[in-house]
Chemist: 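Can you read through this structure? Questions will come right after.
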Protein chains: 2
Amino acid sequence: MNDAAPTPLTARRVAEDILRNAILVGELKPGQRLTERSLCELAGVGRTTVREAVRQLESEGLISTVPHRGPVVAVLSEGEARDLYELRAMLEGQAGRLCVLRGDARHAAALHAAVDQMEHARQAGSMLGILEANGAFYAALNAGARNEALRQAMLGVQNRLAFFRFTSTRWPGRAERSVAELRAIAAAVVARDAAAAEAACIRHIEASAELALLVLAERARGAAMVRGGRRNAMERGLIP
Amino acid sequence: MNDAAPTPLTARRVAEDILRNAILVGELKPGQRLTERSLCELAGVGRTTVREAVRQLESEGLISTVPHRGPVVAVLSEGEARDLYELRAMLEGQAGRLCVLRGDARHAAALHAAVDQMEHARQAGSMLGILEANGAFYAALNAGARNEALRQAMLGVQNRLAFFRFTSTRWPGRAERSVAELRAIAAAVVARDAAAAEAACIRHIEASAELALLVLAERARGAAMVRGGRRNAMERGLIP
DNA sequence: CGCACCCCAATTGTCTGTCAATCATGTTGA
DNA sequence: TCAACATGATTGACAGACAATTGGGGTGCG
């Protein structure tokens, strides 16, 4: 039942992955300017290929390009972040609802397993484990919802908000509450209560959004304090 | 308050628009194979530029590329169409809800104006007018909903389903019912009944989906009858 | 000292040409 | 009849080149 690796592994795809990871991990920071040449070195491919990869990441919302100025790692304004979290809440709420309506006991079990896995990782202090369990949870949710378009939309939004995943997960007490919120979702799915599942999903995302916007505001304050100095230098791509 | 035309009008953008229009209008038919050279001629640009434009349309879901085989105008399976319509119903339902929660009287008035415009175009038998009014309606809805991410998501889904817009609008009696459905949405927004607006949006999309899937099934039957003859030829890009 | 203007380096946008890798087709041979 | 092979077409990818544009630095003037 596994996907029979439809990956002809073209160089462009490799470059995309390298650049995407560099952004998601934070190696390339929001606002940082990217020259094509530096990306060529980073990805180890020619300029043509890099430009195509950049186009892809641009469409994913990870990069924004100003004509004749080149690509820049996308930086979310507070308004954009708010919009994206709102959209994410809608999408995941619907996913939760559909998971109840269309999923079976196996999906419910997978949800519970993912939550347990996350609780385990949390107690072990493994942030990577937490993120992995989070991925498993959403995989199970989407498997139950049985809507590929919805899944891809959720993935896209999550990627654009990936910037917050690390800081949010580290926030004191956040992981614990997050586990509780996911457990509530799983419980609603087990109970086959669609409305409750939808509401639980929305609550989870709203809690995430609240924290993320707080973090964003804090960063903005911090950035404002050094504005005029480092900020200009960073936007010019002079700070690694 | 108008957007100060942020269009540096690069050749790539022009090529994108040409190809996108060719697909949306149906000049390039679903399943048709596209060689890079033919696209170069069609768009009037070099191969490098065409490849970037194709990458963009690929991310919009209008083109699907098989490595080492080249781009193909995306063809929706019944399952994919169903998923997309379901997603669209969710998104537009939420847009309707938000339009009630956040919109003001001006948005409600714009919705009504768009419906009247559509009714006018329908009586005049102007399909182009109908589509234009439809665009105005969604512009008003999204203006009221005040969520740019949601708007873009809706636009993306609508584009992927653009194939059905023409055939659906032509369907006997469909335009009339469509006007009635949109009027119901506008009425709910005027009445400030969020739940009713959401439900009306969902009903509208579900009606569209029902017809589209019917059209799709009919086309599939028709295509099956000539399979082995024209179909292979078309997939090979030999039929214009 | 401040401001407007101009010139220049850096970078992007785009084209052309080239070459290997791969797929699809047609042909040959058992 | 079917399998293996040869062949042509097309994509994937690169390097190089050139015009267009941007941003910055320097200059001159008030």
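Remember, predicted model here, so these are calculated numbers, not experimental data. Heavy-atom basis, side chains included; hydrogens, waters and symmetry copies ignored.
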Chemist: Heavy-atom contacts under 4.0 Å between residues 36-52 of chain B and DNA chain C, which residues?
Modeler: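 The stretch gives B:V45, B:G46, B:R47, B:T48, B:T49 as the residues lying under 4.0 Å from the strand, ordered by number.
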Chemist: Any idea which of C:dT14, C:dT12, D:dA13 is nearest the A:T10 side chain?
Modeler: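 My answer, after comparing the listed nucleotides, is D:dA13.
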Chemist: Would you mind reading off the distance between A:R69 atom CZ and D:dT22 atom P, rounded to a whole angstrom?
Modeler: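 That distance rounds to 10 Å.
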Chemist: Would you kindly give the CG-to-C1' distance between B:L9 and D:dT21, to the nearest whole Å?
Modeler: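 After rounding, the reported distance stands at 14 Å.
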Chemist: Rounded off to whole Å, could you give me the NE2-to-C1' distance for the A:H68 and D:dT22 pair?
Modeler: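 Spelled out: NE2 on A:H68 to C1' on D:dT22 is 9 Å.
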Chemist: Between C:dA24, C:dT14, C:dT11, which nucleotide has the shortest distance from any of its atoms to the side chain of B:A11?
Modeler: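 Of all the options, the side chain of B:A11 is nearest to C:dT14.
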Chemist: Would you mind reading off the distance between B:L34 atom CG and D:dG12 atom P, rounded to a whole angstrom?
Modeler: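 Whole-Å distance recorded here is 13 Å.
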Chemist: Tell me whether A:S168 contacts the main-chain N or O of A:F164 through its side chain, where contact means a donor paired with an acceptor under 3.5 Å.
Modeler: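 At least one qualifying donor-acceptor pair exists.
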Chemist: Going by atom types alone, do A:R88 and A:S208 pair a side-chain donor with an acceptor below 3.5 Å?
Modeler: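 No, no side-chain donor-acceptor pair sits under 3.5 Å.
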Chemist: Report, as yes or no, whether the 6.0 Å neighbourhood of atom CZ on B:R102 holds more than 12 heavy atoms from other residues, nucleotides or ligands.
Modeler: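 Atom CZ in B:R102 is crowded, with more than 12 foreign heavy atoms closer than 6.0 Å.
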Chemist: Is there a side chain to side chain donor-acceptor pair (under 3.5 Å) between A:Y138 and A:Q158 once you walk through the steps?
Modeler: CA-CA 11 Å; A:Y138 283 114; A:Q158 284 188 32; 5.0 Å; no
Chemist: For the pair B:R55 and B:E52, find out whether any cationic side-chain nitrogen is under 4.0 Å from an anionic carboxylate oxygen.
Modeler: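 Answer for the salt bridge query: no.
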Chemist: Spell out, as yes or no, whether a donor-acceptor pair under 3.5 Å connects the side chain of A:T49 to the backbone of A:V45.
Modeler: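 Not at all, since once roles are kept as given, no pair shorter than 3.5 Å links the two residues.
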Chemist: Closer than 4.0 angstrom, basic N to acidic O: yes or no for B:R20 and B:E60?
Modeler: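 Yes, charged N to carboxylate O under 4.0 Å.
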Chemist: Distances under 3.5 Å between protein N/O atoms and the N/O atoms of nucleotides 5-10 of chain C, please, pair by pair.
Modeler:
none

Chemist: Listed by chain and number, what are the side chain to side chain donor-acceptor pair (under 3.5 Å) partners of A:T35, not counting sequence neighbours?
Modeler: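 Checked A:T35 against side chain to side chain donor-acceptor pair (under 3.5 Å); matches are A:S38.
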